[in-house]
Amino acid sequence: MYNIYLYRQIGGAATTRGISFTSGAKFLAKMVRVPAAAGGAVVAGIAYVNYQVQEAASYTQKKIEQATDWITGAASSVKDGIEGLSTPPWLKGLFEGSVQNSRSERDASTIHDTASKDSANQNSHNDNGDSGCGDEAVLTGLAAAAATATLSDDDAEERVAATNAQLMLLTRKMIEIRNILQEISVGGGSRSLTRVQLPSIVVVGSQSSGKSSVLEAIVGHEFLPKGNNMVTRRPIELTLINSPDAAAEYGEFPALKLGKITDFAQIQKTLTDLNLAIPDSEAVSDDPIRLNIYSPHVPDLTLIDLPGYIQIAAADQPESLKSKITSLCDKYIASPNIIVAISAADVDLANSTALRAAKRVDPRGERTIGVITKLDLVDPSRAIDLLQNRSYPLQMGYVGVVSKVPSSLATRASSGLLSRFSGSGDSGDIGSVIARNEEVYFGRHPVFTKALTDADDRTGQEQVTLGVINLRNKLMRILERTMAKNLQPACEAIHQELEETAYQFKVEYNDRPITAESYLAQSLDSFKLSFKEFAGKFGREQVRAMLKSELDQRVLDLLAQRYWNRLDEDPDLALATLDDATIKSILRPVSELPSALSDDVYWHRQLDACVSNLTKSGVGRTSTTLLSNALSGEMEHLVNSGAFKTHPYVKTIVQDATMEILNSRFYSTADQVENCVKPYKYEVEVEDQEWSKSREHAFALLKEEVRQCEAAYYKLQRSVGGGKKLSQVEKFVEKSRKGLVKMDDANEIYGFSQALIDKGREGLFLTKRADILRLRMQALKSKQCKSKDSKYYCPEIFLDVVADKLTQTAVLFLNVELLSDFYYHLPRELDARLGHGLGPQKMENFAKENAKVRRHLELQERKQRLELASEKIESVIAMQKTRRLQPV
């Protein structure tokens with residue numbers, strides 16, 4: 001009896017009836033119901049005549065027995081009547097099969113209706129006495145009812161299935177509304193929304209009370225953290241979503257963006273890691289872990305698993321752990337949430353921490369369900385006493401479960417044999433295993449079967465509820481009923497908030513919609529427009545000027561090294577150790593150059609060495625590197641000053657695209673430039689026009705060098721306290737170089753520190769360098785440097801001519817090989833990476849990096865969520881009006 005009563009829908013919350021082996025018999029039975037009804041009336045008349053010839057006492061007693069057993073008596077009367085007549089054997093067999101099937105399917109589910117009908121029939125018998133007309137009507141009605149009993153049972157099953165489907169639909173819509181309200185509240189809900197909440201189911205219990213086993217039995221998989229120490233340190237907000245069309249069961253962590261996880265062992269590992277990330281010093285955290293599970297075998301429910309209550313903290317746990325857990329649980333079990341108080345059957349309910357906490361926040365027990373686990377560990381009679389809701393009454397009652405998977409079955413599940421044992425195709429579905437284990441256990445003890453059928457007439461308490469399947473269905477109905485109470489206030493609050501948000505959106509943005517995609521496209525177009533303007537301004541001339549400036553600096557360095565530097569300016573070289581011939585062979589002063597002979601080998605070698613160093617210094621690599629760095633820097637400037645300035649991720653994309661394009665063409669461009677400047681390494685032909693132009697440019701360079709020397713010397717004077725002080729230090733340094741004074745006496749005798757001595761050397765260098773530069777400026781303006789034939793007397797001009805020729809040749813290939821190619825490919829590369837390469841989530845993250853756009857998007861999303869919530873809650877209210885909630 002228990003098996004049929006409790007496990008008619010053992011496969012899940014929402015079932016679809018399939019073809020069974022008894023379908024053929026039922027079908028044939030239905031084919032003969034109409035003639036059976038007519039035959040039943042005849043049989044009833046014959047039975048009446050037979051009863052009239054019997055003794056009055058026997059007749060009355062038998063009629064009462066028939067009325068007492070409604071289903072079996074009525075069906076048996078049809079069969080007995082047929083046997084009393086001359087009927088074909090096939091008709092007798094058909095009735096026997098139909099009656100047996102109907103009886104076996106209806107025994108448990110109709111037992112309470114039977115009791116009530118017995119009472120009604122007995123009252124009717126007492127009122128009518130022995131009237132023959134009354135007897136005939138009763139018997140005829142019983143025969144007709146027996147003939148149509150199977151049809152009524154099938155219709156009832158269909159009505160139950162339809163009601164369950166509608167119940168799941170309503171619950172799902174309510175859960176969707178609750179999730180929308182949670183999202184709005186996280187985004188900054190107003191007071192009108194924070195006052196209204198649709199409830200969730202909160203599961204509380206002490207450690208080792210079987211709390212995790214109950215949740216896993218409802219889900220059908222082992223997925224919660226396990227361990228010897230306290231492993232549940234954060235609330236787990238579990239949303240079960242019934243997905244009949246899902247190809248496989250899977251879970252999602254919305255906040256982690258890990259995608260669909262079909263391996264529940266991986267879900268368990270992730271939950272364990274997230275919980276153990278809380279340090280032992282804190283022990284618990286109120287930051288919830290949100291997990292959604294999609295499966296065709298689960299109902300639509302929202303469950304919150306909390307850390308288990310403890311009595312005393314362990315040695316490695318903080319002393320405040322007990323109070324922290326209590327505070328955390330109190331936050332979640334507050335109204336209007338439904339409390340599922342888990343208590344073990346082998347622990348006295350008076351000591352149940354879960355019931356004590358629930359009674360503190362719900363003293364009348366209006367929103368608390370008691371769940372008694374481990375019923376198999378106590379005597380069945382004691383289990384019934386616990387479940388009959390007498391000692392610690394709860395308005396929602398108690399549910400008894402045996403949710404622990406037997407060790408033998410757990411071994412089969414771990415070895416992949418669970419699907420074969422359970423008879424289903426769902427490998428690892430422990431829900432079916434637990435349900436069958438409960439079926440076997442409760443069916444083995446008659447006390448449970450009797451408790452299911454006996455109502456307590458004295459107290460009016462509801463019947464005993466057993467099994468995880470019934471618990472799951474009970475939670476569905478309670479969640480729907482509790483949510484329904486909050487629908488109208490929530491609807492009013494949503495409408496009020498929607499009006500305020502819509503008004504704010506109109507005032508601030510004039511109802512102008514925006515999307516992350518449109519903002520990205522607009523920003524990308526703005527950047528490309530800025531890039532186009534830059535490309536128009538940065539062309540061949542700009543590259544030539546940049547490269548010529550770099551080569552000018554190299555020319556100045558070579559001139560300083562070969563012509564302008566003096567040997568006595570090197571403090572590490574002692575002139576006293578060198579003779580005059582050695583000094584002259586190392587470096588002759590440039591002041592001798594104007595008066596030198598035209599065939600002086602020394603000055604010829606100096607100029608040739610400078611030209612060789614300039615042409616063989618890697619002009620190709622230098623020019624390509626210079627241009628690449630310039631383009632990279634300009635792109636960074638465009639990003640930082642344009643539409644992408646508040647978007648670090650896009651900055652990285654632009655920089656990566658820039659470097660990828662430049663690096664892919666770097667070596668080929670450098671080789672091309674190097675090959676083209678190679679002829680200048682051997683011979684450089686100079687035109688008069690080129691000489692004249694370089695003469696002016698060289699003079700300007702020297703003039704600028706003089707200006708910089710004077711500016712640096714003036715800054716140095718200010719740093720030491722004036723020109724007089726600096727002049728004194730310079731004289732001391734000059735005397736020390738000539739050997740007139742010792743450097744060791746600088747501090748003791750003259751009071752000059754080492755830092756001041758260094759500044760004196762620098763000032764002396766700047767003074768002498770400026771004098772040499774002025775001397776060379778006079779030489780460039782002289783008639784001696786007017787002709788190109790005087791290149792050895794005017795090395796500054798000749799080296800400038802070489803630098804200019806190198807620049808012009810390099811720019812030609814830099815423009816073709818690198819610059820134009822970069823201008824062509826970068827916009828297209830950005831389109832590929834930003835326009836098509838970003839997913840929706842990255843686009844949204846990009847848009848929200850801009851504070852103004854983020855506010856626009858969030859207000860728009862808030863308005864859209866409120867509109868969706870308003871639409872859904874109105875549809876739910878309309879559905880509620882068309883149906884009456886099922887009693888729990």
Side-chain angles (χ1 to χ4, degrees), residues 549-576 578 583-584 586-594 603 606 610 613-614 695-747 749-782 785 794-797 799-800 803:
S549 176
E550 177 69 18
L551 292 182
D552 285 344
Q553 189 60 47
R554 290 199 177 189
V555 168
L556 292 174
D557 293 341
L558 290 172
L559 289 171
Q561 180 183 356
R562 293 287 178 175
Y563 290 92
W564 301 342
N565 288 345
R566 292 170 56 89
L567 191 61
D568 57 359
E569 293 173 351
D570 189 350
D572 297 327
L573 185 60
L575 295 179
L578 302 176
I583 294 175
K584 289 183 178 180
I586 294 176
L587 184 61
R588 291 165 59 180
V590 73
S591 57
E592 298 179 2
L593 182 58
W603 296 112
Q606 292 293 87
C610 289
N613 286 338
L614 185 60
R695 184 184 181 190
E696 295 179 359
H697 188 262
F699 183 84
L701 283 179
L702 296 183
K703 184 177 180 180
E704 176 62 20
E705 283 291 302
V706 172
R707 187 195 67 77
Q708 292 182 6
C709 287
E710 292 175 347
Y713 189 79
Y714 177 72
K715 183 178 180 181
L716 196 61
Q717 283 181 333
R718 297 182 60 183
S719 67
V720 299
K724 185 177 180 180
K725 184 72 171 178
L726 183 60
S727 178
Q728 293 175 354
V729 179
E730 289 176 354
K731 289 179 181 180
F732 175 80
V733 173
E734 188 72 21
K735 288 180 181 180
S736 68
R737 287 178 177 176
K738 293 179 180 180
L740 299 178
V741 294
K742 294 181 179 180
M743 188 61 66
D744 296 338
D745 299 335
N747 189 23
I749 299 177
Y750 297 96
F752 298 149
S753 64
Q754 183 61 42
L756 193 58
I757 294 296
D758 293 338
K759 290 183 181 294
R761 288 173 178 169
E762 185 179 353
L764 192 61
F765 168 79
L766 291 173
T767 301
K768 293 183 177 182
R769 175 56 59 87
D771 292 340
I772 292 175
L773 291 173
R774 293 188 186 98
L775 179 65
R776 292 308 302 161
M777 288 173 63
Q778 292 177 2
L780 294 180
K781 285 295 184 180
S782 66
C785 292
C794 310
E796 296 89 353
I797 301 176
L799 289 176
D800 186 78

Practice item. Please report the shortest heavy-atom distance between Leu773 and Cys709, naming the atom on each side. Key: CD1-SG, 4.2 Å
Review point. Do Val720 and Val729 have side-chain heavy atoms sitting under 4.5 Å apart?
Key: no
Practice item. Would you indicate whether the side-chain heavy atoms of Tyr713 and Gln717 approach each other to under 4.5 Å? Key: yes
Check your understanding: Looking at Trp564 and Ile772, what are the two nearest heavy atoms and their distance?
Key -> O-CD1, 3.1 Å
Review point. What residues, two or more places apart in sequence or in another chain, satisfy side-chain contact (heavy atoms from CB on, under 4.5 Å) together with Ala779?
Key: Arg776
Exercise for review: Could you walk me through whether Met777 and Val706 pass side-chain contact (heavy atoms from CB on, under 4.5 Å), step by step?
Suggested key: CA-CA 10 Å; Met777 288 173 63; Val706 172; 3.9 Å; yes
Practice item. Kindly give the heavy-atom pair with the smallest separation between Pro594 and Val590, and that separation in Å. Key: CD-O, 3.7 Å
Review point. So, Lys731 and Glu734, do they make that salt bridge, N to O below 4.0 Å?
Key: no
Study note, to complete from the structure: When rounded to the nearest 0.5 Å, the distance separating CD of Gln708 from CG of Leu766 is 11.0 Å
Study note, to complete from the structure: Closest non-hydrogen contact found for Leu551 with Ala803 is CD1-O, 3.5 Å
**Study point:** Contact check, side chains of Gln606 and Pro795, non-hydrogen atoms, under 4.5 Å
**Key:** no
Practice item. Report the C-alpha separation of Glu730 and Lys768 in whole Å, then their side-chain angles, then the decisive distance to 0.1 Å, and conclude whether the salt bridge (charged side-chain N to carboxylate O under 4.0 Å, His left out) test is met. Key: CA-CA 11 Å; Glu730 289 176 354; Lys768 293 183 177 182; over 6 Å; no
Exercise for review: Evaluate salt bridge (charged side-chain N to carboxylate O under 4.0 Å, His left out) for Glu710 paired with Arg707, printing each intermediate quantity in order.
Suggested key: CA-CA 5 Å; Glu710 292 175 347; Arg707 187 195 67 77; over 6 Å; no
Point to revise | Validation row: Arg588, Trp603 side chains within 4.5 angstrom (heavy atoms) | key: yes
Practice item. Look up atom CG in Leu799 and atom SG in Cys794, then write down how far apart they are to the nearest 0.5 Å. Key: 11.0 Å
Exercise for review: Evaluate the side-chain proximity of Val733 to Phe765: yes if any heavy-atom separation is below 4.5 Å, no if none is.
Suggested key: no
Check your understanding: Rounded to the nearest 0.5 Å, how far does CG of Leu558 lie from CG of Asn613?
Key -> 5.5 Å
Revision key, fill the gap. For Arg695 and Ser782, the nearest pair of non-hydrogen atoms, with its separation, is NH2-O, 3.1 Å
Check your understanding: Quick one: do the Gln754 and Asp758 side chains pair a donor with an acceptor below 3.5 Å?
Key -> yes
**Study point:** Student check: side-chain heavy atoms of Arg774 and Leu702 closer than 4.5 Å
**Key:** no
Review point. Say you draw a straight line from CG of Leu716 to NZ of Lys759; how long is it, rounded to the nearest 0.5 Å?
Key: 5.5 Å
Practice item. Check whether any side-chain heavy atom of Ile797 lies under 4.5 Å from a side-chain heavy atom of Leu780, and answer yes or no. Key: yes
Check your understanding: Given side chains that start at C-beta, do those of Ile757 and Ser736 come closer than 4.5 Å, heavy atoms only?
Key -> no
Review point. Does the distance from a Lys or Arg side-chain N to an Asp or Glu carboxylate O, for Arg554 and Asp557, drop under 4.0 Å?
Key: no
Point to revise | Value rounded to 0.5 Å, distance of OG in Ser719 from NZ in Lys725 | key: 12.0 Å
